[in-house]
Amino acid sequence: MGKRPTQKEKTQRAFRAYLDLLDTAEWMRSYMRGPLESFDLTMGGFRLLEMLYRDGPVSVPVAAERRGCKRQNMDVIVTRLEERGWVRRTVVTHSPAEIKESHLPKVKRGKPREGRRVGMVSLTPLGKKFIGNVLPNHAKVIKALMRALDGREQESLSRLCAKLREGDILKFASEMTHEDAEES
């Protein structure tokens, strides 16, 4: 029966796993940068094109949120893809929210109302054709890289990554409030 790890050993183990995860993610990103550059794409541009190909048109703020970046950064990516003719921006006016006339200010009662205007981004026919050709090639390279893991390990990796992103607020709070014992 082995001894239980100390708090310091648990911290060191967690930190090593964190660094390994960062190093692996950076290695994969760096490795895949070359093939994407051959298509004149950045990783951000590829991820947006792939999202639009899979999910269809989306608002710029929603795209930024899904990709975990600021709206201004997404605007730069969209502008670059727009210049290449792969995406287009349109402004869509949503229908106004249902509201009782009596809840409107008196000056606005009886007048036509407009809904919120939202900037949408979508693939152009050229963009659909482009990403439809790039995606299978990119997926083949990824598949070749991921062959280092068998199918079950790939599934486990996906589940573990999702679990990390989801987090566990109770365990996090418990760890943050736990006093580390001083060890000599």
Side-chain angles (χ1 to χ4, degrees), residues 11 13-92 94 116-124 126-128 130-149 151 153-177:
T11 300
R13 178 184 63 206
F15 199 74
R16 264 193 325 272
Y18 161 75
L19 292 176
D20 286 341
L21 182 62
L22 288 179
D23 289 346
T24 303
E26 187 54 40
W27 173 81
M28 285 200 76
R29 187 175 282 119
S30 174
Y31 192 89
M32 295 310 299
R33 193 170 288 129
L36 288 177
E37 284 176 356
S38 71
F39 294 108
D40 196 28
L41 267 178
T42 63
M43 184 61 75
F46 170 76
R47 296 294 305 270
L48 178 61
L49 288 173
E50 185 273 334
M51 180 193 321
L52 295 172
Y53 189 71
R54 182 176 24 92
D55 299 338
V58 67
S59 71
V60 174
V62 168
E65 183 182 323
R66 282 194 199 166
R67 293 296 320 123
C69 67
K70 294 185 178 184
R71 193 184 68 67
Q72 293 85 345
N73 293 355
M74 186 55 65
D75 279 332
V76 170
I77 293 169
V78 170
T79 299
R80 181 158 159 57
L81 296 175
E82 208 173 20
E83 289 168 355
R84 312 223 18 100
W86 296 331
V87 300
R88 100 171 37 92
R89 281 186 238 228
T90 53
V91 177
V92 176
H94 290 294
R116 183 176 225 152
R117 294 168 44 97
V118 179
M120 299 292 286
V121 62
S122 60
L123 288 174
T124 63
L126 180 64
K128 281 182 188 174
F130 175 74
I131 194 65
N133 290 328
V134 169
L135 199 54
N137 294 327
H138 192 72
K140 186 162 181 75
V141 175
I142 294 296
K143 180 183 174 189
L145 282 173
M146 295 298 282
R147 294 273 316 252
L149 305 175
E153 289 171 326
Q154 290 175 25
E155 293 289 336
S156 293
L157 178 60
S158 290
R159 276 194 310 276
L160 290 170
C161 289
K163 190 173 182 178
L164 276 173
R165 285 189 304 269
E166 187 178 295
D168 185 325
I169 191 66
L170 295 178
K171 288 181 180 177
F172 180 84
S174 171
E175 184 61 37
M176 293 306 294
T177 57

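Along the sequence shown, residues are numbered consecutively beginning with 1.
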So if I apply the side chain to side chain contact (heavy atoms under 4.5 Å, CB included) rule between Phe130 and each of Leu41, Thr124, Leu123, which one comes out positive? Leu41

Donor-acceptor pair, side chain of Glu37 and main chain of Thr42, under 3.5 angstrom: no

Counting only heavy atoms from other residues, nucleotides and ligands, does the tally under 6.0 Å from CD of Glu153 exceed 12? yes

Check whether any side-chain heavy atom of Arg117 lies under 4.5 Å from a side-chain heavy atom of Val92, and answer yes or no. no

Approximate separation, where rounding is to 0.5 Å, of Glu175 CD and Lys171 NZ: 11.0 Å

Heavy-atom side-chain contact between Thr79 and Glu83 under 4.5 Å: yes

Considering all heavy atoms, the nearest Ser122-Leu52 contact: C-CD1, 4.2 Å

Heavy-atom side-chain contact between Arg67 and Leu48 under 4.5 Å: no

Between CE of Met43 and OG of Ser30, what distance do you get to the nearest 0.5 Å? 9.5 Å

NE2 on His138 to NZ on Lys143, rounded to 0.5 Å: 15.0 Å

From CA spacing to verdict: salt bridge (charged side-chain N to carboxylate O under 4.0 Å, His left out), Arg71, Asp75: CA-CA 6 Å; Arg71 193 184 68 67; Asp75 279 332; 2.5 Å; yes

Got a sec, which residues hit salt bridge (Lys or Arg N to Asp or Glu O under 4.0 Å) with Glu155, two or more places apart in sequence or on another chain? none

Are the side chains of Met120 and Arg88 in touch, meaning some heavy atoms are under 4.5 Å apart? no

Checking Ser38 side chain against Pro35 main chain: does a donor-acceptor pair fall under 3.5 Å? yes

What residue pairs, at least two apart or across chains, pass salt bridge (charged side-chain N to carboxylate O under 4.0 Å, His left out) with a residue in residues 21-34? Glu26-Arg29

dist Asp20:CG -> Phe15:CZ (nearest 0.5 Å) comes out at 11.0 Å

Kindly indicate whether the side chain of Phe46, heavy atoms from C-beta on, has any atom under 4.5 Å from the side chain of Val134. yes

I want to check something: taking the side chain as every heavy atom from C-beta on, are Arg66 and Asp55 in contact at a cut-off of under 4.5 Å? yes

In Å and rounded to the nearest 0.5 Å, what is the CD1 to CH2 distance from Ile131 to Trp86? 8.5 Å

Below 4.5 Å, heavy atoms only, C-beta onward: do Asp40 and Arg80 meet side chain to side chain? yes

Atom NZ in Lys70, atom CD in Glu65: separation rounded to 0.5 Å? 14.5 Å

Judged by atom type as modelled, is there a donor-acceptor pair below 3.5 Å linking the side chain of Glu82 to the main-chain atoms of Val87? no

What I'd like to find out is whether the side chain of Leu21 reaches to under 4.5 Å of the side chain of Leu164, using heavy atoms alone. yes

Under the side-chain contact (heavy atoms from CB on, under 4.5 Å) criterion, do Leu157 and Leu149 qualify, and how do the steps go? CA-CA 9 Å; Leu157 178 60; Leu149 305 175; 3.8 Å; yes

Taking it one step at a time, do Met32 and Leu145 satisfy side-chain contact (heavy atoms from CB on, under 4.5 Å)? CA-CA 10 Å; Met32 295 310 299; Leu145 282 173; 3.7 Å; yes

Look at atom CZ of Arg54 and say whether more than 12 heavy atoms of other residues, nucleotides or ligands are closer to it than 6.0 Å. yes

